[in-house]
Structure formats: C-alpha cells, structure tokens
Amino acid sequence: MEAQFAVVFLCAAAVHVGCIPSPVEDVVIERYYIPRTCAREVETEDFVRYHYNGTFPDGKKFDSSYDRGPPLTAQVGLGRLITGIDRGILGMCVNERRRVTIPPHLAYGSLGAGRVIPPDATLVFDLILLDLWNLQDEVEMRILRKPKSCRRAAQASDFIRYHYNGTLLDGSSFDSSYRRKQTYDTYIGQGDLIKGLDEGLLGMCVGEWRTVIIPPFLAYGEQGYGKMIPSQATLVFDVLLVDVHNPSDDVVVDEQVLPVSCDRKSAVGDFIRYHYNGTFLDGTPFDSSYQRNSTYNIYIGMGYVIRGMDKALQGVCMGEWRRITLPPHLAYGENGSVDLIPGSAVLIFHIHIVDFHNPNDPVDIKVTYKPDVCNVTSTANDLIQYNYNCSLLDGTLVYSSHHYERPQETLLGANRVIAGLDEGLRGMCVGERRMVIVPPHLAHGDHEAHGIPASAVLHFELELIGLQKGVPEGYLFYWLEDPPEPLFQAMDLNKDKEIPLEEFSEFIKMQAANGKGRLCPGQDPGTIIKDMFDNQDRNRDGKIVVEELELTEEVDNGKVQHGEL
C-alpha cells in the first residue's frame, strides 16, 4: 500500500514539474480577511501595490515594507518577484489580507539571500493588497445617479464646476472639494486635468453622480503627487457635476409662456418690473423677488443689470414667463458676487414680466363703446361722474367705483385725479366706455400709493355716467348767450338803482336755470355767487351800483365773447 501510494504521488508530481524530481511543497495561502466586494482579482501581468511583513516560521521578522515607508509596486507573473509571492498574490482582491507561507524552493532556495535569509529558509509573508491595474486598463466610469432630464452634457472645451471625493483604490482619502467647501472649476478636454479625469468627466449632466476609476498611467504615474498620492496609484473620484458652460455660450431663452395678446414688446430704454426666481444649474436657489414680495424694477439695455439679463429682458411681452440661462461671462464672471453667487456660475432665472413702460409713453386710450349720438364731450373744467375699475397690468384689481354707493365725481383739469386719468376722461360722451393705460410718470411715479406699487403701469376701465359742462379756467360764471342790455337794469329787479346780494343771487340763478349762463360746477352755488358779488361790490357797502358793475369780454375768432361778471 505504501509503495503503491508513493508511486502515484511521484507521478502526479512529475506531471507538475515536468518529470524532474523535486520537492512537492507549494505555497500555502491563508486568506484571513476578504472584503465583502471584490470588483477584480489579480491576474498574470497585472501591476500591484502592496504592503507586507516578512517573517520566518518562528515569527522572527526579516523584512517589512512598512518599515521602509512606501508600499511595494511590481508586475505579477513575469518572474520579477520570487515565485512564491508571484503565486501567493494571484487572485487577491484590493484590501484583502493573506498569509502566504513559501517553501525554500519557491523563495531563495539553497542559496538564501545574503545575511538576511539563510539557505533553505521557509518564508511567511503577511500581505495586504492596496492597488491593482493593467496596462490594458482604460478609465472606468460608473454612473451612480443621473437626472431625469439632461439639457446639456459636458463636452471638450467646456468649463465645468464639480464636487468630488478622491480616494485611492483601497479607500484611503487623498482629497475632497467638500472639505474645502468649494467646487473644483476647470476646462475639460484641453489638458488642464490628468488624462483620466479629463476623459472621465466628458458626457456628464449637471446633477449627475459618477465614479471615475483612473489607472496610474492616466493619473500621476510613477511620480505620484505630493504626500497624498503615492507612486503608481489608481485613483477613484466620486464626482457630482454642479455646472457646465462654454465660453462661446450666449443667453438661452426657453420655456416661454406668452400672453394671449402682445401689443408691444420691451425695447432699450424701457423701465421694466418683473418677478424672478434665481437658481444655479443644479436647482439650488440663490435669490427670489417673491420672497421679498417686491418686483425688481430697472431700465433695460442701459447697463444697469448684468449683461445677460439686460439682453434677455429685451423683446418680452407684458405678462410673459421665461426661463433664462446666463453663462458666467454674461452674469457675475469668475469672481461671483460676494457670498451669494460663486465664481464662474451659470445662472437660471425664471422670470415673469409684470409691466414695462418708457418715460416717453403717452396715455394709451382705446374706445370700447361709443353711443350713436354724441353731441357733447367732456373737457377741462367739466364736472363729470364716472365708473371705473383700476388694475395693475397683471390683472390685480386695486380700486373700483363699484365698491361705493355712487359713481366717482371729479372736476377735469383741477388736479383732483392723476394726470393720466384726467387725460383719459377727456373727450368722452355720456355712456361712452374706454380702456386707458396710464404709465407711471402720469400716475404715481416711483412712489407707492395705497396698494399700488412704485413705478406701476395702471389699467383703467372707464364709463362716463354724467357730465356738467364747466366754465373757462378762472371763471365762476360764464355767459352762454349775450347778456341782457342794459345789464344793470335787468339785474335791478326792484328798480331801486342798487343791487343787494339777494337780488344779485336771484338774477344769476335765473340765468343759469334758463340756460343763458353757467356757474362753475362742483362748488356750492351760494358760495360762488357770493364771491361774484364781492368782486363787483368794490366799496364793500353790501350793494352794487351801476358804476361798479363790470363785464369781462374775450375775443374768439374775431368775435367778442362775453365772459364773467
């Protein structure tokens, strides 16, 4: 039995070593730590970086990479290591720990190694694999998260901003933009980054998370980088793309919602009021006019806002919604803005145009209804009654006469209403309806007024209800026909050659009632008549005599017109 077993064993051994008699011991591998995940195992011709402690079976140490500092780097399976190590490393995973026991003939054999390793010594190596790559390796990209929509992917010559965590293949951290609380900003595809990262960032979308694994020869190679990245290190970058633009980018306007009608578009020199939400490309908000409950108000095309916004606000309609993308060179550039906007940031504005006007704009009047018969129209000094709705251009109702029991009443030309409304009420027939747009400089200007924002364009819906014709400016009573001749005798009702207030008042009221003259509307008739009487009673004795009575005259187209007493 024993002889037969020995023959079989030796034949098996002969197959392994080419039928040359040799010792039968092989390396003994004890895998005492195996990582949970192993993306790749060591194969022949792979390069590895590893640390080790070398001891004899009795535990006496003869060598250690830890004592020297840097780990050992070598290529496996090409005879550049002792045979036992070559075999012992095959199949290892990064971060795996092994104890490899190597018989003498797979180590330094009968010769040993100088004074350190005696002849025929069995060696024990405690190994930890730190890195693994092959010259055929390429940059590996693993997409961890991709946004649902991707308006644009990073391309060569783009400028990008990204956050990253950088680790070696064993998980050791060497750098992080998050620790610095600042993105890494650079051009890609132009050699400004290590080759592997230049390649690995291409095609990324804003908001995308990606792991980029870079072999050493596409990273920092044999030189490494500083104290953090050793020689021949595979690098792993977990990258979040925050921003991307190209220096040739222009303002991009999209997602427009246009109003039903657009009678006019904004132009250079207009003053515009708009609301906005401002975000970065990744959706992070940085500012909002809505939070301040106040529109942003500015002249456009005159350099008062960042160039991209100045451009994007031209050609808009009132009530329009727009999404605007501004590249940094048309926004706040590489310096950013204080602590609000970082350098080289692309900005997104969702804007709503509330209204705009030009300082030269007149009142815009559109007649929506006019009676068939229109013999008398409103002019300065007329007393009118009218209904109105006053709204902002976004449709917000500010005031309405329908909220009161009676229509509104005003004396045109007496500065009782804003200038634009006064103008819009002139030339109307009773029953006529109008739509009147009043620019701020003919309304409340750049001041707020009882619910009306500063610099607001106002929209009026008007209907003229009543009209009392007035008298020329500065007059209290105006003759519509030639006065009686002689006037004093007609006014002296009791023919006693003097006219007291009572007699004067009765006469004037009679002329107004018969349509021969007109009192200034909107004021108390008794007060007006008393003022007229006082103007004629020059000696203030309470009566007018013939020498005191005086009638003004005007010349109109060569014809004498009688005016006030």
Side-chain angles (χ1 to χ4, degrees), residues 143 145-164 177-178 180-190 192-193 197-198 200-210 212 237-257 274-291 296 298 300 303-316 320-353:
I143 297 176
R145 187 189 74 190
K146 199 161 188 172
K148 292 181 180 179
S149 63
C150 182
R151 294 177 179 269
R152 173 176 179 175
Q155 300 176 0
S157 80
D158 280 347
F159 190 89
I160 63 172
R161 298 192 305 119
Y162 63 95
H163 271 302
Y164 69 90
S177 64
Y178 294 99
R180 294 192 300 274
K181 297 181 179 179
Q182 184 177 350
T183 57
Y184 194 86
D185 308 340
T186 187
Y187 288 94
I188 60 170
Q190 298 188 163
D192 294 325
L193 295 166
L197 198 53
D198 230 2
L201 294 173
L202 291 174
M204 286 193 76
C205 303
V206 171
E208 180 179 338
W209 285 86
R210 180 181 285 190
V212 182
F237 288 89
D238 285 319
V239 180
L240 169 63
L241 188 63
V242 174
D243 204 338
V244 58
H245 78 278
N246 195 282
S248 62
D249 285 348
D250 201 349
V251 176
V252 176
V253 177
D254 55 12
E255 293 185 2
Q256 290 176 273
V257 179
Y274 64 97
H275 269 303
Y276 68 89
N277 285 318
T279 68
F280 300 120
L281 268 185
D282 63 357
T284 303
F286 62 82
D287 193 16
S288 173
S289 64
Y290 294 98
Q291 291 177 351
Y296 194 84
I298 198 72
I300 59 172
Y304 293 125
V305 290
I306 53 178
R307 284 194 297 156
M309 183 62 80
D310 223 4
K311 183 176 183 179
L313 290 172
Q314 297 177 39
V316 297
E320 181 177 340
W321 296 80
R322 278 187 175 187
R323 181 184 188 270
I324 300 170
T325 304
L326 305 183
H329 51 276
L330 296 177
Y332 291 96
E334 60 184 18
N335 294 322
S337 176
V338 196
D339 296 328
L340 188 65
I341 296 173
S344 301
V346 176
L347 305 183
I348 304 293
F349 288 92
H350 290 84
I351 65 172
H352 176 215
I353 307 301

Is a donor on one side and an acceptor on the other found under 3.5 Å between the side chain of [X] and the backbone of [Y]?
X: S177; Y: T183; result: no
X: R145; Y: L240; result: no
X: D243; Y: I160; result: no

Minimum-distance pair of heavy atoms, taken over all atoms of [X] and [Y]:
X: G203; Y: A153; result: O-CB, 3.6 Å
X: P327; Y: D249; result: CG-O, 3.7 Å
X: G189; Y: A156; result: CA-CB, 4.1 Å
X: A331; Y: I306; result: O-CG2, 3.7 Å
X: V251; Y: A312; result: CG1-CB, 3.9 Å

Hey, mind stepping through F349 and L326 against side chain to side chain contact (heavy atoms under 4.5 Å, CB included) and telling me if it holds? CA-CA 8 Å; F349 288 92; L326 305 183; 3.7 Å; yes
Any heavy-atom pair between the side chains of [Y] and [X] that's under 4.5 Å?
X: D158; Y: R152; value: yes
X: P342; Y: F280; value: yes
X: V346; Y: V206; value: no
X: V305; Y: I300; value: no
X: L347; Y: F286; value: yes
X: I353; Y: L313; value: yes

With rounding to the nearest 0.5 angstrom, report the [atom1] to [atom2] distance, [X] to [Y].
X: S289; Y: N277; atom1: OG; atom2: CG; result: 6.5 Å
X: Y274; Y: W321; atom1: OH; atom2: CH2; result: 14.0 Å
X: N246; Y: H329; atom1: CG; atom2: NE2; result: 8.0 Å
X: C205; Y: R210; atom1: SG; atom2: CZ; result: 8.0 Å
X: Y332; Y: I341; atom1: OH; atom2: CD1; result: 5.0 Å
X: T325; Y: I348; atom1: OG1; atom2: CD1; result: 3.0 Å

Can you tell me if [X] has over 12 outside heavy atoms packed within less than 6.0 Å of its [atom1]?
X: Q256; atom1: CD; answer: yes
X: Q182; atom1: CD; answer: no
X: Y184; atom1: OH; answer: no

Geometric class of the Y178/H163 ring pair [parallel <30°, tilted 30-60°, perpendicular >60°]: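 Ring orientation of H163 relative to Y178: parallel.
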Checking side chain to side chain contact (heavy atoms under 4.5 Å, CB included) for the pair L330/D310: CA distance, chi angles, key distance, verdict? CA-CA 9 Å; L330 296 177; D310 223 4; over 6 Å; no
Trace of the side chain to side chain contact (heavy atoms under 4.5 Å, CB included) decision for K311 with D250: CA-CA 10 Å; K311 183 176 183 179; D250 201 349; 2.8 Å; yes
Give the intermediate values and the outcome of side chain to side chain contact (heavy atoms under 4.5 Å, CB included) for residues I351 and Y296. CA-CA 10 Å; I351 65 172; Y296 194 84; over 6 Å; no
